[in-house]
Amino acid sequence: MSYNKSLHVCFNFFSIIACACILFSCKVSKNTTKEDFLYFQRGLDSIKNVQVKEPIIHVNDLLSIQVSSASLNQEQTIPFNPPGNAGYLVSTTGNIEMPVLGTLKAAGLTQAQLQSSILEKLSNYVKDPNVIVHFLQFKINVLGEVKSPGEKKFDVDRVTIIDAISAAGDLTDIGKREDVTVIREEGTSRKIYRVDLRSGSLFQSPVYNMQSNDILYVGANAQKFKQLKGANSNNALNGLRIVGTVLGLFTSIILAIRVFNN
């Protein structure tokens, strides 16, 4: 009787430990709601006029500058449109070098401001001049939780934050839509903006229309950190599962002994 009683106690003990290990290793994950994925969920009714700001020219921007004349004599514009010109690179000092006109300030100006500056200087050489300035490389760096991070180049003069996100393949499932960061160079300093892609206020944000060389960063939401935490604890959970399996095996052996003795 003493032997059977000991087996019974061991059986109950191992059963309790095995059940505890199995229950501990099972976790219920939080369900993801639609609010984690939808854009522009609120605030759309309050949108009135979206302010369009001209992009600012920065150092290392590549510009296309075309000079023409409203008169019939187009030959006078030839020196300002050299053949094979691949564009004007804004130097580290913020200037460009144009034929005849020489050094011109470009960084910190809008396209319209640079056009006006060039027109003023052209009046001594070209009758009724016209100037068109375009960005040859509008660059945005998109980093973080997007499907295709990296430098994105556009051949247009106006790029919105939606364009930049689309070029990066949209956010990943764990991208933090309510807190997207845009880092922008303004003069000699950098300014940080935060936008909520779920809100219609995005369209009135100063960074809705992006500037060349902006940095757009998408952080990870809490789900990713739960995944990382879960990954770090996988070894412990696997160990518990092994212990549970071994204890289950011992329990089965003890049960078999009991049945055999009975």
Asker: Under 4.5 Å between side-chain heavy atoms, counting indirect links through other Ile/Leu/Val/Met/Phe/Trp/Tyr residues: same cluster for Leu122 and Leu63 or not?
Answerer: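 The answer is yes; both residues are in one hydrophobic cluster.
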Asker: Can you name the closest pair of heavy atoms from Val126 and Thr77 and give their distance?
Answerer: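 So the minimum-distance heavy-atom pair works out to CG1-CG2, 3.9 Å.
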Asker: Rounded to the nearest 0.5 Å, what's the gap from OH on Tyr193 to CE on Met210? Could you check?
Answerer: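 Answer for the OH-CE pair, Tyr193 versus Met210, is 11.0 Å.
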Asker: Got a sec, which residues hit side-chain hydrogen bond (donor to acceptor under 3.5 Å, both in side chains) with Asn81, two or more places apart in sequence or on another chain?
Answerer: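 Per chain and number, Asn81 pairs via side-chain hydrogen bond (donor to acceptor under 3.5 Å, both in side chains) with no residue.
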Asker: Looking only at non-hydrogen atoms, find the nearest pair between Pro99 and Pro79 and report the distance.
Answerer: CB-O, 3.1 Å
Asker: Quick one: do Phe80 and Ile132 end up in the same hydrophobic cluster if we chain Ile, Leu, Val, Met, Phe, Trp and Tyr together by side-chain heavy atoms under 4.5 Å apart?
Answerer: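 Per the 4.5 Å side-chain linkage, Phe80 and Ile132 are not co-clustered.
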Asker: Within the structure provided, determine whether Ile192 and Val182 are in side-chain contact (heavy-atom separation under 4.5 Å).
Answerer: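 Contact flag for Ile192/Val182 side chains = no.
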Asker: Is the side chain of Glu185 donor-acceptor paired with the backbone N or O of Asp214 at a distance under 3.5 Å, no angle test?
Answerer: no
Asker: Look only at the side chain of Gln211 and the backbone of Ile56, and say whether a donor-acceptor pair between them is shorter than 3.5 Å.
Answerer: yes
Asker: Donor-acceptor check, side chain of Lys105 to backbone of Ala107, threshold 3.5 angstrom: yes or no?
Answerer: yes
Asker: Kindly say whether Ser69 contributes a backbone atom to a donor-acceptor pair with the side chain of Gln74 at under 3.5 angstrom?
Answerer: yes
Asker: What's the spacing between Leu197 CG and Leu171 CG if we round to 0.5 Å?
Answerer: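 So the CG of Leu197 and the CG of Leu171 are separated by 6.0 Å.
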Asker: Keeping Ser199 on the side-chain end and Asp196 on the backbone end, is there a donor-acceptor pair under 3.5 Å?
Answerer: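 It does not hold such a pair.
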Asker: If only atom types and distance count, is the side chain of Thr160 paired as donor or acceptor with the main-chain N or O of Asp163 below 3.5 Å?
Answerer: yes
Asker: Check whether Gln111 reaches the backbone of Val133 with its side chain - one donor and one acceptor, N or O, closer than 3.5 Å.
Answerer: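 Looks like yes, one N/O pair under 3.5 Å.
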Asker: If every non-hydrogen atom of Phe138 is compared with every non-hydrogen atom of Pro55, which pair is closest and at what distance?
Answerer: CE1-CB, 3.8 Å
Asker: Ignoring hydrogens, what is the shortest heavy-atom contact between Phe135 and Val156? Give both atom names and the distance.
Answerer: CB-O, 4.4 Å
Asker: What I'd like to find out is whether the side chain of Ile165 reaches to under 4.5 Å of the side chain of Val146, using heavy atoms alone.
Answerer: no
Asker: For Asn213 and Ile140, work out which heavy atoms get closest and say how close.
Answerer: N-CD1, 4.5 Å
Asker: Once you round to the nearest 0.5 Å, how far does CD of Glu145 lie from CG of Asp170?
Answerer: 12.0 Å
Asker: Check this for me: Glu75, atom CD, are more than 12 non-hydrogen atoms of other residues, nucleotides or ligands nearer than 6.0 Å?
Answerer: no
Asker: So which heavy atom on Leu216 is nearest to which on Ala164, and how close?
Answerer: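 For Leu216 versus Ala164, the nearest heavy atoms are CD1-CB, 4.2 Å.
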Asker: Within the distance-only criterion (no hydrogens, no angle test), does the side chain of His58 pair as donor or acceptor with the backbone N or O of Ser212 below 3.5 angstrom?
Answerer: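 Flag set: sc His58 to bb Ser212 pair under 3.5 Å.
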Asker: Return yes if a side-chain donor-acceptor contact under 3.5 Å exists between Ser71 and Gln76, otherwise no.
Answerer: yes
Asker: Kindly say whether Pro82 contributes a backbone atom to a donor-acceptor pair with the side chain of Asn85 at under 3.5 angstrom?
Answerer: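 No, Asn85 side chain to Pro82 backbone: no donor-acceptor pair under 3.5 Å.
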Asker: So, Ser123 and Lys127: side-chain donor and acceptor under 3.5 Å apart, yes or no?
Answerer: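 Absent: no donor and acceptor within the cut-off.
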Asker: Distance from Tyr88 atom OH to Met98 atom CE, nearest 0.5 Å?
Answerer: 4.0 Å
Asker: For the CG atom of Asp61 and the CD1 atom of Ile96, what is their distance to the nearest 0.5 Å?
Answerer: 11.0 Å
Asker: About how many Å separate OG of Ser117 and CG of Leu101, when rounded to the nearest 0.5 Å?
Answerer: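 Those atoms lie 9.0 Å apart.
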Asker: Determine yes or no for a side-chain-to-main-chain donor-acceptor pair under 3.5 angstrom, with Arg177 supplying the side chain and Gly175 the backbone.
Answerer: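 Here the side-chain-to-backbone pair exists.
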